[in-house]
Each structure stands twice: as C-alpha cells, then as structure tokens.
Novice: 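I have a structure I would like to understand better, so I am pasting it below and will then ask my questions one at a time.
Keep in mind the model is a prediction, meaning the values are calculated, not measured.
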Amino acid sequence: MKIQEFRELIKNADRSLLEKAFAECYKQFSKSKKEEIDLLVQNILSGADSVKEKKSAVNFEELEKQIQWFAANAYEQNYVVPNRIIPKNQRSKWRFQVMNFIKQLQKIPPDSEYSQRAADCLEKIYKVLAEGCNVYLFSSDDPFSSVQWKQDELFHLLVTMTFRTGYSREKIRRLLPLTSSGGLSRWNLYICNQAAFLSELKTSDLKYMAIEETKKIIAETKTQITGKGSYRSGDFERTEKINHLCDMILLISISLGEAEQEIRYYFSNSMESDREIILYRALECADWMEDDRVWIDIYRFGLTKKIKPRDSLKKKYGELTASVKN
C-alpha cells in the first residue's frame with residue numbers, strides 16, 4: 001500500500017494492536033538492518049526527527065563533546081575489546097553515531113561562529129576512520145565503508161569545510177599529511193585524496209604555497225628517519241609518506257603547467273630504492289593528470305638518468321611520440 005494509505009490505516013488503530021503490529025514488523029528485519037533503524041526509531045520517539053528539530057540550530061557544544069568522547073574511546077579500542085566504558089551491545093553501533101555526527105556537522109553554516117570548529121571535529125573523525133584502516137579500532141577493517149562514505153569523498157568534505165572560512169598556510173599544512181598518509185580504505189588510493197585537495201586550490205598562489213609547505217614537511221620527515229630498526233621505528237611509514245608527498249608536488253606542478261621545475265626535485269627526493277619505480281610513479285602522476293606532453297618529458301628525463309623503463313612504458317612512449325608527430 002502507499003504511505004498515505006498506511007497512515008490512514010494506523011491513524012485510529014487501538015494502541016495495543018498498533019504496538020503488536022509494529023513489533024511484528026520489526027521482527028522481519030535482519031540483525032544488521034535492525035541496528036541501522038534503531039537510531040532512526042530512537043530519534044523519532046525522542047522528537048529529534050521532527051521538522052522543528054531539523055530546522056533548529058545544532059547544539060554544537062554538545063556535539064563537539066560527543067565527537068571528542070567517541071575519538072578518545074576509539075583510540076583506546078573500546079569499540080572492539082572488552083571494557084567497562086562501552087557496553088558490549090553498543091559497540092557495533094559506533095557507525096550510526098558517526099554517520100549522525102557527520103550529518104550534524106554538515107548542517108553548520110559557513111558563517112557560523114562554530115564553522116572552523118566543525119571542520120576540526122570532522123578532521124578528528126576522519127583521522128579515527130583512517131587509523132581504523134591500519135589497526136583494529138572497530139570490528140570492521142574498513143571503517144569508511146561502515147559509515148557509508150568513500151574515503152576520498154569524506155576527505156574532500158573535510159577540505160571544503162576547512163577552507164570555507166578562508167585559506168592559510170596553517171590550514172594547508174594541516175591537510176597535506178592527510179593527502180599522503182594516515183591510513184587507506186581498501187577502495188582508496190592516496191592520489192584520490194591528493195586530487196580532492198588539489199581541486200580546492202583555486203589559485204596559482206595557493207598551489208605555490210602548497211608546494212612550499214609540502215617540501216618543508218618532506219624535509220622535516222627525512223630528519224626523523226633513523227636508518228636503523230626501520231620496522232620498529234616507523235621508518236617505512238615515513239618513507240612512504242615522503243614518496244606520496246613527492247607525488248603531491250608533481251601533481252600540483254603539472255596543474256600549474258610547470259612540471260619541468262619539479263621533475264628534478266621528484267627524482268632527487270623520492271625514497272624508492274629502485275629508480276625505475278621512481279620513473280613509473282612519476283609517469284602515473286602524469287597519467288592521472290592526463291598530460292601526455294609531461295608524460296613524455298618525464299620519460300625522457302628518466303632516460304638521461306640512465307634508467308631502463310619496463311616494456312609497457314617503452315610501448316606507451318612509442319605510441320605517444322607517434323601521435324605527437326601526427
């Protein structure tokens with residue numbers, strides 16, 4: 001039946017029969033589906049889902065406290081290991097809390113006094129979910145899928161909310177590490193985050209600023225590499241962060257039409273031990289930006305470094321140079 005017919009059916013129904021009908025309908029849902037609608041039912045019964053409530057301002061102070069509490073418990077693994085803080089029957093419901101947190105944060109208008117703090121709260125949530133892709137903070141090994149967000153799309157939301165109150169070096173510097181480190185969903189690549197970040201750098205000045213800050217982070221990260229006990233000290237993560245940040249610089253320079261200036265930097269600062277892999281990664285950046293001219297320039301630069309490309313790259317080079325001549 002249609003929803004209006006359903007409303008008419010229950011409008012004058014006896015309360016006891018209505019409760020019985022509702023309970024029987026609820027029994028038809030699977031366990032996972034019940035968990036999904038529990039929050040909705042609770043919100044409706046508490047009045048939080050009313051039109052009036054939807055139109056009213058978010059109680060940001062309370063929301064901020066809830067997000068901080070969630071993040072602290074997530075890092076303590078209280079949603080996945082036995083503890084006395086989060087009851088066992090509530091641990092699997094973290095994802096519905098997070099979904100609601102994000103919805104509430106999206107309601108904060110750009111001109112609100114809480115706008116920047118809302119971005120800070122979203123950053124906390126994003127970092128928790130990203131870390132949950134590295135270690136078990138939740139029962140799921142892909143927290144982004146659990147809250148029904150693609151990682152790069154949630155990161156893009158974070159970037160737009162951070163920049164909507166204005167650009168600054170500090171903000172750019174805060175976001176840059178998240179483009180290239182922190183944890184990956186099984187469906188995401190860091191270059192997807194980098195593309196999201198790059199899309200919000202609307203002027204050349206901002207792009208130059210981002211390149212400058214990225215180089216500073218790379219230099220600082222290099223000083224933290226010990227060269228011994230790599231696995232224990234986190235050197236692997238640091239070298240990977242540097243490699244991805246080098247990708248970020250090359251992508252920005254290609255968007256500026258000035259890749260030539262950064263290709264040499266890329267090859268000098270990548271931490272890949274195999275120089276052919278360095279060439280391959282740089283060419284992938286040009287592929288991502290769909291710039292065949294830059295692809296050829298990078299390939300030729302690799303040849304000047306006496307790098308021997310794999311057969312697939314040789315074949316593509318031949319095809320691209322032929323098309324350019326034609």
Side-chain angles (χ1 to χ4, degrees), residues 71 75 116 119-120 122-135 151-152 155-156 158-159 162-163 166-184 188-201 203-256 258-275 277-279 281-282 284-285 288:
Y75 285 125
Q116 186 53 53
D120 295 342
L122 185 59
E123 183 179 341
K124 278 190 178 67
I125 292 171
Y126 176 86
K127 286 181 175 179
V128 169
L129 299 180
E131 180 64 13
C133 296
N134 287 334
V135 297
Q151 183 175 3
D152 60 319
F155 181 67
H156 196 178
L158 171 59
V159 174
T162 300
F163 286 154
Y167 290 87
S168 69
R169 283 187 180 272
E170 179 189 1
K171 290 179 180 179
I172 288 174
R173 189 177 177 84
R174 280 179 60 178
L175 291 170
L176 276 168
L178 300 181
T179 67
S180 306
S181 60
L184 276 179
N188 198 45
L189 298 170
Y190 282 125
I191 202 167
C192 298
N193 280 15
Q194 292 163 357
F197 177 74
L198 179 55
S199 71
E200 295 303 320
L201 299 179
T203 68
S204 295
D205 286 345
L206 289 171
K207 292 177 182 180
Y208 289 129
M209 189 184 298
I211 289 176
E212 291 169 7
E213 293 304 315
T214 307
K215 288 182 177 180
K216 289 178 185 177
I217 296 172
I218 288 174
E220 292 166 5
T221 306
K222 282 189 174 183
T223 65
Q224 299 167 4
I225 296 176
T226 64
K228 6 183 209 182
S230 299
Y231 182 79
R232 293 189 300 276
S233 67
D235 279 0
F236 175 78
E237 288 78 9
R238 294 185 188 103
T239 56
E240 281 297 290
K241 177 181 176 181
I242 290 171
N243 290 337
H244 291 300
L245 287 172
C246 284
D247 293 343
M248 183 79 259
I249 289 175
L250 190 54
L251 290 170
I252 297 173
S253 69
I254 294 173
S255 75
L256 284 165
E258 301 174 3
E260 185 179 351
Q261 299 180 32
E262 301 301 342
I263 292 172
R264 189 173 298 276
Y265 176 92
Y266 187 95
F267 278 78
S268 298
N269 287 272
S270 173
M271 301 294 287
E272 291 284 0
S273 57
D274 187 331
R275 293 193 305 158
I277 298 296
I278 297 176
L279 174 62
R281 289 185 61 147
E284 277 197 318
C285 291
W288 189 268

Novice: Measuring from L251:CG to T214:OG1, what's the distance to the nearest 0.5 Å?
Specialist: 10.5 Å

Novice: Any side-chain heavy atom of E258 within less than 4.5 Å of one from K207?
Specialist: no

Novice: Taking the side chain as everything from C-beta on, heavy atoms only, tell me whether E123 gets closer than 4.5 Å to L178.
Specialist: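 In short, these two side chains touch, coming nearer than 4.5 Å.
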
Novice: Kindly compute the distance separating OH (Y266) from SG (C285), expressed to the nearest 0.5 Å.
Specialist: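 Reported to 0.5 Å precision, the distance equals 4.5 Å.
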
Novice: Do the side chain of T239 and the main chain of F236 share a donor and acceptor less than 3.5 angstrom apart?
Specialist: yes

Novice: So, is the end of the K215 side chain (NZ or CZ) under 6.0 Å from the ring centre of Y265 and within 45° of the ring's axis?
Specialist: yes

Novice: Does a sphere of radius 6.0 Å around CD in E220 hold more than 12 heavy atoms from other residues, nucleotides or ligands, not counting ones at 6.0 Å or beyond?
Specialist: yes

Novice: Please evaluate residues Y126 and L122 with respect to the criterion side-chain contact (heavy atoms from CB on, under 4.5 Å), reporting the C-alpha separation (whole Å), side-chain torsions for both, the decisive distance (0.1 Å), and the verdict.
Specialist: CA-CA 6 Å; Y126 176 86; L122 185 59; 5.5 Å; no

Novice: Judged by modelled atom types alone, do K222 and N269 share a side-chain donor-acceptor pair under 3.5 Å?
Specialist: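 Checked: K222/N269 side chains pair up, N/O donor to acceptor below 3.5 Å.
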
Novice: Could you walk me through whether L184 and C133 pass the side-chain contact (heavy atoms from CB on, under 4.5 Å) test, one step at a time?
Specialist: CA-CA 6 Å; L184 276 179; C133 296; 5.6 Å; no

Novice: Take D120 and R174 through the test salt bridge (Lys or Arg N to Asp or Glu O under 4.0 Å) and record every step on the way to the result.
Specialist: CA-CA 10 Å; D120 295 342; R174 280 179 60 178; 3.1 Å; yes

Novice: Return the set of residues passing side chain to side chain contact (heavy atoms under 4.5 Å, CB included) with E131 (not counting sequence neighbours), or none when no residue passes.
Specialist: Y75, N134, V135, L137

Novice: Do M209 and Y167 come within less than 4.5 Å of each other through their side chains, counting heavy atoms only?
Specialist: no

Novice: Do L158 and L175 come within less than 4.5 Å of each other through their side chains, counting heavy atoms only?
Specialist: yes

Novice: Side chain to side chain contact (heavy atoms under 4.5 Å, CB included) with E213: which of R169, E170, K171?
Specialist: R169

Novice: Taking the side chain as C-beta and beyond, is there a heavy-atom pair between H156 and S199 under 4.5 Å?
Specialist: yes

Novice: Hey, does the side chain of Q194 reach the backbone of L245 with a donor-acceptor pair shorter than 3.5 angstrom?
Specialist: no

Novice: Any chance you could measure T221, atom OG1, to E237, atom CD, to the nearest 0.5 Å?
Specialist: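 One finds 12.5 Å between OG1 of T221 and CD of E237.
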
Novice: Under a 4.5 Å cut-off applied to non-hydrogen side-chain atoms, are L198 and S255 in contact?
Specialist: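 Sidechains of S255 and L198: in contact.
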
Novice: side-chain contact (heavy atoms from CB on, under 4.5 Å) between C192 and W288: does it pass, once the steps are laid out?
Specialist: CA-CA 10 Å; C192 298; W288 189 268; 4.0 Å; yes

Novice: Please report the interatomic distance CD(E200) to OG1(T162), rounded to the nearest 0.5 Å.
Specialist: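 Rounded to the nearest 0.5 Å, the CD-OG1 separation comes to 10.0 Å.
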
Novice: If you compare all heavy atoms of G183 against all heavy atoms of Y190, which two are closest, and at what distance to 0.1 Å?
Specialist: N-OH, 3.1 Å

Novice: Hey, could you give me the OG/CD1 distance between S270 and I249, rounded to the nearest 0.5 Å?
Specialist: 11.0 Å

Novice: Taking the side chain as every heavy atom from C-beta outward, state whether F197 and I172 have any atom pair closer than 4.5 Å.
Specialist: yes

Novice: Is I217 close to P177 at the side-chain level, that is, under 4.5 Å between some pair of heavy atoms?
Specialist: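 The answer is yes; the side chains approach within 4.5 Å.
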
Novice: Does the pair Y208 and I252 meet the rule for a side-chain contact (heavy atoms from CB on, under 4.5 Å), with working shown?
Specialist: CA-CA 8 Å; Y208 289 129; I252 297 173; over 6 Å; no

Novice: Once rounded to the nearest 0.5 Å, what's the spacing between atom CD1 of I218 and atom CZ of R238?
Specialist: 15.5 Å

Novice: Side chains of T226 and D235: donor-acceptor distance under 3.5 Å anywhere?
Specialist: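 Short answer, yes.
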
Novice: With a 4.0 Å cut-off on N to O distance, would you call R173 and E212 a salt bridge?
Specialist: no

Novice: So, does N243 use its side chain to make a donor-acceptor pair with the main chain of M271 at under 3.5 Å?
Specialist: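 Indeed, once roles are kept as given, a pair shorter than 3.5 Å links the two residues.
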
Novice: Do T179 side-chain atoms and L176 backbone N/O form a donor-acceptor pair below 3.5 Å?
Specialist: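 Here the side-chain-to-backbone pair exists.
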
